[in-house]
2 protein chains.
Amino acid sequence: MSSPSDRNSAAASHSPGEVLALIGSGAVTTRADIARVTKMARSTVSQRVDALIAHGLVDEDADGGSTGGRPPRRLALRTREHAVAGVDLGASHCRVALMDIGGTTLAAHEEPLSIGDGPDSVLRHVERTVRALLKETQREPGTLRSIGVGVPGPVEFSTGRPVDPPIMPGWHQYPIPEFFASRFGVRALVDNDVNVMALGEQRRAFPDCRYLLYIKVGTGIGCGIVADGRLHRGAQGCAGDIGHIRVADLDDPCRCGNAGCLEAVAGGASLAAKLVGLGLDAASGSDVVRLVQSGNRDAVRMVREAGRAVGEVLAGLVNFFNPDTVVMGGALAAVHDQLLAGVREAVYRRSHPLATQLLRIEPSRTGENAAAVGAGILAIEHALSPEQVNRLVAG
Amino acid sequence: MSSPSDRNSAAASHSPGEVLALIGSGAVTTRADIARVTKMARSTVSQRVDALIAHGLVDEDADGGSTGGRPPRRLALRTREHAVAGVDLGASHCRVALMDIGGTTLAAHEEPLSIGDGPDSVLRHVERTVRALLKETQREPGTLRSIGVGVPGPVEFSTGRPVDPPIMPGWHQYPIPEFFASRFGVRALVDNDVNVMALGEQRRAFPDCRYLLYIKVGTGIGCGIVADGRLHRGAQGCAGDIGHIRVADLDDPCRCGNAGCLEAVAGGASLAAKLVGLGLDAASGSDVVRLVQSGNRDAVRMVREAGRAVGEVLAGLVNFFNPDTVVMGGALAAVHDQLLAGVREAVYRRSHPLATQLLRIEPSRTGENAAAVGAGILAIEHALSPEQVNRLVAG
DNA sequence: GCCACTTATGCCGATGACCGAACAATGGAT
DNA sequence: ATCCATTGTTCGGTCATCGGCATAAGTGGC
């Protein structure tokens, strides 16, 4: 038996925030469970739980089924009272998902919106949408705990400010978190859209995968990186910018000034342009998808070709990063049969066997709301972080 | 004033292990310092320090200079009583560095040794060398706390076993830690040689850099990855295997069966072979270095060319990983003027400006002992890890 | 239906980690 | 010589946490 209250040995002692995280994760649902997992005394657990209940963070449900003894009281996050918003800003759309802190999507809304309208106009629109969704789901505005935002460009995550975003005119250094702080009084977390999609995909669809790459093939091509369960943003926060990696043996000119960039070879915009060159009607990536789905041979061949190009680059990244999972998402993932075939072919040909032996390459499992939900998860994980909760319970 | 003993608010409270880590880092040197940094009461700090002294982990030096009040007693790791060994196993050499837990190299020894002799023979040799170094520096064998080992092939870090290492016949799944546990009774940590070099370089030469890539250009080409201050090993532990990434527009056949691999284009072995093809006498990477240093035009051109190929691949990795520092090491780093010129040229041409704006690309600053010292640091960080120390102090 | 048994939670005194304040030590400043 | 600034130690008090016991609330056998 270990000596009591010994912070040196297998140290029990978990802060209220850590207890809440356990409850939130769904891994434990009763006080007795918590005591078993944390090894804290049952009395201590009750104390922690009482504090969380007193602060309205946890609810005591009805009794759970008995397993031969007194039935436990089930504990759960007080989802009614705590909501977050996940915002997905695209080049030409805006999607907002209202979620409770349990991760359930309560309502979502999408509409076309040009990011080029500038931060003031766009963010005011987001604010209105969030308020509308709160009303629609009959939640008090005061129940909003935080906001996650995904934007189509590089962001300095710590300050939440876009940095020289190529397709977001007027957004450079705009203080997005301050906007939401003044409107809702909550913290906003802003990240690149591919990052939040990677986070959402990992948390929702691949919870057991610790090293995940999310490849988004849309108009451009980007990559979100989850390493050891956390987002890897790199030194300047622009990690995952794979659109301009050189593809061997191809010389398609790219808007970046170089030739043979992955984006120029396999990006939706470039595929569409090539199809136009063949006399077909394709303005964007979605038209490419439509043509493939209708069985157009040139389009199918081209997407497969694009898959090989993506796979060529991905093969190098797999060798370098050694992920356990690669997820293909973005507009062109709608035709993932063709795309994945090319990707797998190239990756398995060129990557090291040890790196590919357990590697999974799969299409995205999250749907249209991927980015909004991912942003919401970012917000939830902030709101439920032990530091946040401890501050709340202590204050 | 925050209420005392509140584990929720700005929670002071640091375990003995954390206190030792502070002392070991050199950031603090007196009890008063520790109290200021950790915000614990001075009495508590004394208690922690007393425990560490009682267990022989910390020494109380002579007084430090007064600054107008009572002079502080300086604290330092008890380096006399705690040593580690760092072992660098190469294809044809074995280097052992004996270090104290403060990180000072006490003695080092190198000699030629073929890894192909098999684990039994090689590890017995290592054991003899470690014992000789202990005797040479007049340390008791019992002062050895742990052993770090870098090997030239993939390793499952958690078990310390090589996994299908191409140039280490007979080592597949050999339990290296068990060997040392039975001989010295200490834990051995085994990792890929490039990983320990990256770790050593980061800790020694670039302590402020959190995202570092260490590129080793020797016979082959490999990469060690430090992300957020920790080694990134990937899902299977084979991350950083960049030798067989495809280089655009080049088709040199590679031993792996593919063509255009970085290693086939720019590896020391391949460069030597090409020089032989030009009628020059070059058996390995070191001969290439010799030729470059003697001003041979073909060799200089070829190394520069190799630099560009490395840079081409590195440009992609910089976009993907967004490091703040890239270090070039390995045998060919001896001619880093020529190599770096090519690397920088390619990286700055092809990487995203945001990723390169603060990027440093520099030659390795650690010398011949890089891998052995890196392995030693791995061992030190294990021996001084809070978990280890807490167990010691508690037990 | 009653009772033994099992499991969950609440209550309470005991323990000890940590704190803060007072005190001792030690050298510089005046 | 005296005061001051700073460091470290001692000691009593507080509070978080523990373990044990009482209570709650089911199941299953008889």
Side-chain angles (χ1 to χ4, degrees), chain A residues 1-19 22-23 28-54 58-76 390 393-394, chain B residues 1-19 22-23 28-54 58-76 390 393-394:
Chain A
M1 210 61 172
S2 73
S3 64
S5 64
D6 185 354
R7 60 173 310 107
N8 304 329
S9 67
S13 179
H14 293 245
S15 69
E18 291 171 271
V19 172
L22 272 173
I23 298 173
V28 300
T29 55
T30 72
R31 290 174 175 77
D33 273 350
I34 297 171
R36 274 187 290 269
V37 170
T38 64
K39 302 196 198 309
M40 294 192 295
R42 289 195 303 281
S43 46
T44 311
V45 172
S46 272
Q47 200 172 284
R48 292 269 190 283
V49 171
D50 288 349
L52 292 173
I53 291 177
V58 165
D59 253 346
E60 218 168 17
D61 269 35
D63 290 356
S66 159
T67 55
R70 169 176 172 174
R73 324 272 295 269
R74 300 236 164 262
L75 302 171
N390 289 344
V393 172
Chain B
M1 209 63 173
S2 74
S3 66
S5 66
D6 185 355
R7 59 174 309 105
N8 304 330
S9 67
S13 180
H14 293 245
S15 69
E18 292 171 89
V19 173
L22 272 175
I23 296 173
V28 299
T29 56
T30 72
R31 291 172 174 80
D33 272 350
I34 298 171
R36 273 187 289 269
V37 171
T38 64
K39 301 196 199 308
M40 295 192 295
R42 288 206 305 279
S43 49
T44 311
V45 172
S46 273
Q47 204 171 282
R48 292 269 190 283
V49 170
D50 287 349
L52 292 172
I53 291 176
V58 165
D59 253 347
E60 216 169 19
D61 269 35
D63 290 356
S66 161
T67 55
R70 169 175 173 172
R73 322 275 295 267
R74 301 234 162 265
L75 302 170
N390 289 343
V393 173

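No experiment lies behind these values; they were computed from the predicted model shown. Convention: sequence-line order gives letters A, B, ...; per-chain numbering from 1.
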TODO: Specify the separation, in whole Å, of atom NZ of B:K39 and atom C1' of C:dC18.
DONE: 17 Å
- [ ] State which residues pass side chain to side chain contact (heavy atoms under 4.5 Å, CB included) with B:A35; sequence neighbours excluded, sorted by chain then number.
- [x] B:R42, B:V45
Task: Contacts of B:T30 that satisfy side chain to side chain donor-acceptor pair (under 3.5 Å) - sequence neighbours left out - done: none
Could you list, one pair per line, each protein nitrogen or oxygen that sits under 3.5 Å from a nitrogen or oxygen of nucleotides 3-6 of chain D, together with the distance?
| from | atom 1 | to | atom 2 | distance (Å) |
| --- | --- | --- | --- | --- |
| D:dA5 | N3 | B:G68 | O | 3.2 |
| D:dT6 | O2 | B:R70 | N | 2.5 |

- [ ] Taking all heavy atoms of B:D61 and all of B:A76, pick out the closest pair and write down the distance.
- [x] OD1-CB, 4.4 Å
TODO: Determine the minimum heavy-atom distance between B:G17 and B:N390, stating which atoms define it.
DONE: N-OD1, 2.7 Å
- [ ] Measure from CG on B:D61 to C1' on D:dT7 and round the result to the nearest Å.
- [x] 16 Å
Task: Rounded distance in Å - CD1 (B:I53) to C1' (D:dG8) - done: 12 Å
Open item on the list: Could you check whether the side chain of B:S43 and the base of D:dG8 have a donor-acceptor pair of N or O atoms closer than 3.5 Å, going by distance alone?
Closed with: no
Open item on the list: Given A:R31, which partner from the list A:E60, A:R36, A:R48 fulfils the side chain to side chain contact (heavy atoms under 4.5 Å, CB included) test?
Closed with: A:E60
Task: Side chain of B:P72 - closest among D:dT17, C:dC18, D:dT7 - done: D:dT7
Task: Distance, rounded to the nearest Å, where A:R74 contributes CZ and D:dA25 contributes P - done: 17 Å
Open item on the list: Distance alone, cut at 3.5 Å: any donor-acceptor contact between the side chains of B:E18 and B:S15?
Closed with: yes
Open item on the list: Looking at A:S46, I'd like to know whether one of its side-chain N or O atoms comes within less than 4.0 Å of OP1 or OP2 on C:dT9.
Closed with: no
Open item on the list: C:dG10, OP1 or OP2 - any side-chain N/O from A:R31 closer than 4.0 Å?
Closed with: yes
Task: Duplex segments of DNA chain D, taken as runs of at least three Watson-Crick or G-U pairs that stay under 3.5 Å - done: C:1-30 with D:1-30
TODO: On DNA chain C, check which nucleotide each of B:R42 and B:Q47 is closest to and give me the residue with the more 5' one.
DONE: B:Q47
Open item on the list: I'd like to check the side chain to side chain donor-acceptor pair (under 3.5 Å) partners of A:T29; sequence neighbours left out, ordered by chain and number.
Closed with: A:R74
Task: Nearest-Å distance for atom pair CG/P, residues A:D33 and C:dT7 - done: 13 Å
- [ ] Rounded to the nearest angstrom, tell me the gap between atom NE2 in B:H14 and atom C1' in C:dC18.
- [x] 13 Å
Open item on the list: Rounded to whole Å, how long is the line connecting atom CD1 of A:I34 with atom C1' of C:dA8?
Closed with: 12 Å
TODO: Return the value, rounded to whole Å, for the distance between atom CG of A:D50 and atom C1' of C:dT9.
DONE: 10 Å
Tabulated below should be each protein N or O lying under 3.5 Å from an N or O of nucleotides 28-30 of chain D; please produce it.
none

Task: Residue pair B:V49 / B:I34: nearest heavy atoms and the distance that separates them - done: CG2-CD1, 4.0 Å
Open item on the list: Working to the nearest 0.5 angstrom, can you tell me the gap between B:H14 NE2 and B:L22 CG?
Closed with: 7.5 Å
Task: Gap separating the CG atom of A:L52 from the CG atom of A:D59, nearest 0.5 angstrom - done: 11.5 Å
